[in-house]
Number of protein chains: 2
Amino acid sequence: MTSKQEFIEKLRNSNLRPTKQRINICEVLFNRDKTFHFTINDLFNLIKDKTGEKVSLATVYNTVHAFHKKGYLKEIPINSNQTYFDTNVTDHHHFFDVKEEKLIDLKNEDVGPIEIQKSIPGKKIKSVEVLVKLED
Amino acid sequence: MTSKQEFIEKLRNSNLRPTKQRINICEVLFNRDKTFHFTINDLFNLIKDKTGEKVSLATVYNTVHAFHKKGYLKEIPINSNQTYFDTNVTDHHHFFDVKEEKLIDLKNEDVGPIEIQKSIPGKKIKSVEVLVKLED
DNA sequence: TCGTTGTTTATAATTATTCTAAAGAAGATT
DNA sequence: AATCTTCTTTAGAATAATTATAAACAACGA
Ligand SMILES: [Mn+2]
Ligand SMILES: [Mn+2]
Ligand SMILES: [Zn+2]
Ligand SMILES: [Zn+2]
C-alpha cells in the first residue's frame, strides 16, 4: 500500500507535476502487490473503473511515455497490435500466452544466466530479454 | 542462386498459384546468401528496385502472410511500429540495433541452450526467443 | 494574486494493417 | 482453343493504434 503522498513526491522528484490525473494513474499502476502487465487500453479502462475518474486517452499515452522515459515502466517486446508495458522494470523474462494474450513474469532463476558470446564492434548490450511463447 | 523453376514448384507444392507477383517476391526474399530481415515496407520497395516490376502493397501483405502461414517466414517480436519478418525460419535469436533499427542473427551457440524451469499447467512452450538490444 | 510554464483535453492527423469488391489470371474440363 | 471455376491482384476504403495540435486549465514561484 503506497500512499498518495509518496506518489506526489515521486512525481515531484521526477520533475513531473503531481496532477490529479497522474496520481490516479500511479494508484492504478503502482498500488499493487504483483507486477502489472498492460496495454494503454487496459490502463485507460482500469482508471475509470478503479478511481471513478476519467482521464483522457491522450493523457494516458503522455503519462505512460513520461513514466517510461523516467524508467518507471518497461516496454515488453511482443508482436501484437498493441504495445505492452510492465511495472516490473528490473531485467527479467516473460511467458506470453498467445491465446489469452497475457504476459507472465519469469524469475531470472527460471531461465538461468544468459551469456552472449558474440559482440558487434562499437555497440554494447543494452538489454537481454527472453520471450517464451505458450500455446495449449 | 535459386532458379525461377524452383520457386514455381515450391509455390505449387504449397497450394499457392505461381503468379508473376509471387515469383518476384520469392526472388527478392529467397534468392540470397544470408538471412534477410525486413518490414513489409522494405520489401515493397525492394521489389520495384530489384525486379523492375511493381506489386501492389496489398499483395505484398497477402503474400507475406501466406508465406508466414506456410512456415517460409518467421515473425520477429520487436517493439517497433512495423512488424519484422525473417527468412531464417529456424529457431534462433537476435541482436537488435536500436539506433539503426536493424536485426542481426545470433547463432544458437552464441547464446547457449536456454532451459525454462517453470511451466504453466495446460500450456506448452511454442518458442523461446532471445532479443538482445544494442546501443552505442 | 499574477505571470509563467507545464498539463490536460478534444479532436484531427498520421500510419500500419486489413477489408472490399471488381477485374484479371491460372488451372481444369470439355 | 473456348469455357468455367477458383484463386489472385488491385485500388481504394476502412480500421485502429498512436501522435500531433492548440486551446483551456492547473500548478508553481514570485
Ligand atoms: Mn514482466
Ligand atoms: Mn533472424
Ligand atoms: Zn514509451
Ligand atoms: Zn503473418
Side-chain angles (χ1 to χ4, degrees), chain A residues 4-5 7-28 37-48 51-70 72-73 75-85 101, chain B residues 4-5 7-28 37-48 51-70 72-73 75-85 101:
Chain A
K4 195 161 158 171
Q5 258 321 304
F7 292 137
I8 292 176
E9 280 162 34
K10 186 176 181 173
L11 287 167
R12 279 234 176 74
N13 291 336
S14 313
N15 289 307
L16 298 170
R17 288 187 183 170
T19 63
K20 184 163 50 86
Q21 290 86 343
R22 282 173 178 163
I23 293 162
N24 281 338
I25 292 173
C26 281
E27 302 272 11
V28 175
H37 302 107
F38 65 96
T39 65
I40 296 281
N41 218 57
D42 293 337
L43 180 55
F44 178 69
N45 293 126
L46 272 175
I47 295 163
K48 247 197 332 255
T51 71
E53 295 175 53
K54 193 210 167 193
V55 174
S56 79
L57 186 57
T59 297
V60 179
Y61 273 98
N62 289 340
T63 304
V64 166
H65 281 129
F67 288 0
H68 181 219
K69 190 176 288 180
K70 295 290 180 187
Y72 303 145
L73 291 173
E75 206 175 332
I76 309 298
I78 296 178
N79 277 119
S80 162
N81 48 332
Q82 286 182 93
T83 304
Y84 276 78
F85 293 92
E101 292 198 310
Chain B
K4 194 161 159 173
Q5 258 321 303
F7 292 136
I8 292 177
E9 279 161 36
K10 187 175 181 172
L11 288 167
R12 280 234 175 75
N13 291 336
S14 314
N15 289 308
L16 297 171
R17 289 186 182 169
T19 63
K20 185 162 49 86
Q21 290 87 343
R22 283 174 178 163
I23 293 163
N24 281 338
I25 292 173
C26 280
E27 302 271 11
V28 173
H37 302 107
F38 64 95
T39 65
I40 296 282
N41 218 56
D42 294 337
L43 180 56
F44 178 69
N45 293 127
L46 272 174
I47 294 163
K48 246 195 336 252
T51 70
E53 296 174 52
K54 192 212 167 191
V55 173
S56 80
L57 185 59
T59 296
V60 179
Y61 273 98
N62 289 340
T63 303
V64 166
H65 282 129
F67 287 2
H68 181 220
K69 191 176 290 182
K70 295 290 179 185
Y72 303 145
L73 291 173
E75 207 174 331
I76 309 297
I78 296 177
N79 277 119
S80 161
N81 50 331
Q82 286 181 92
T83 304
Y84 277 78
F85 293 90
E101 291 198 308

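Every chain is numbered from 1, with letters handed out A, B, ... down the list of sequences.
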Which residues share a side chain to side chain contact (heavy atoms under 4.5 Å, CB included) with A:Glu101, sequence neighbours left out = A:Tyr84, A:Phe96

Just by modelled atom types, is the B:Glu53 backbone N or O under 3.5 Å from a matching donor or acceptor in the B:Thr51 side chain?
-> yes

For the pair A:Arg12 (side chain) and A:Pro18 (backbone), establish whether a donor and an acceptor sit closer than 3.5 Å, ignoring hydrogens and angles.
-> no

Rounded distance (Å) that lies between atom [atom2] of [N] and atom [atom1] of [X]:
X: B:Lys69; N: D:dC7; atom1: NZ; atom2: P; answer: 13 Å
X: A:Glu9; N: D:dA27; atom1: CD; atom2: C1'; answer: 17 Å
X: B:Asn62; N: D:dT10; atom1: CG; atom2: P; answer: 10 Å
X: B:Lys54; N: D:dT9; atom1: NZ; atom2: P; answer: 14 Å
X: B:Asn24; N: D:dT10; atom1: CG; atom2: P; answer: 10 Å
X: B:Leu43; N: C:dT17; atom1: CG; atom2: P; answer: 12 Å
X: B:Asn15; N: D:dT8; atom1: CG; atom2: P; answer: 9 Å
X: B:Lys20; N: D:dT9; atom1: NZ; atom2: P; answer: 10 Å

All heavy atoms of B:Val28 vs all of B:Ile47, minimum pair found to be CG2-CA, 4.0 Å

Donor-acceptor pair under 3.5 Å, B:Arg22 side chain vs D:dT8 base | no

Give the angle between the helix axes at the two ends of the helix from C:dT1-D:dA30 to C:dT30-D:dA1, taking five base pairs at each end and rounding to 10°.
-> 20°

Does [X] place a side-chain N or O at less than 4.0 Å from the phosphate oxygens OP1/OP2 of [N]?
X: B:Thr59; N: D:dT10; result: yes
X: A:Arg12; N: D:dC28; result: yes
X: B:Thr19; N: D:dT8; result: no

When you compare the protein's N or O atoms with those of nucleotides 17-24 of chain D, which come within less than 3.5 Å of each other, and at what distance?
| residue | atom | partner | partner atom | Å |
| --- | --- | --- | --- | --- |
| D:dT18 | OP1 | A:Thr83 | N | 3.1 |
| D:dT18 | OP1 | A:Thr83 | OG1 | 2.8 |
| D:dT18 | OP2 | A:Tyr61 | OH | 2.7 |
| D:dT18 | O5' | A:Tyr61 | OH | 3.3 |

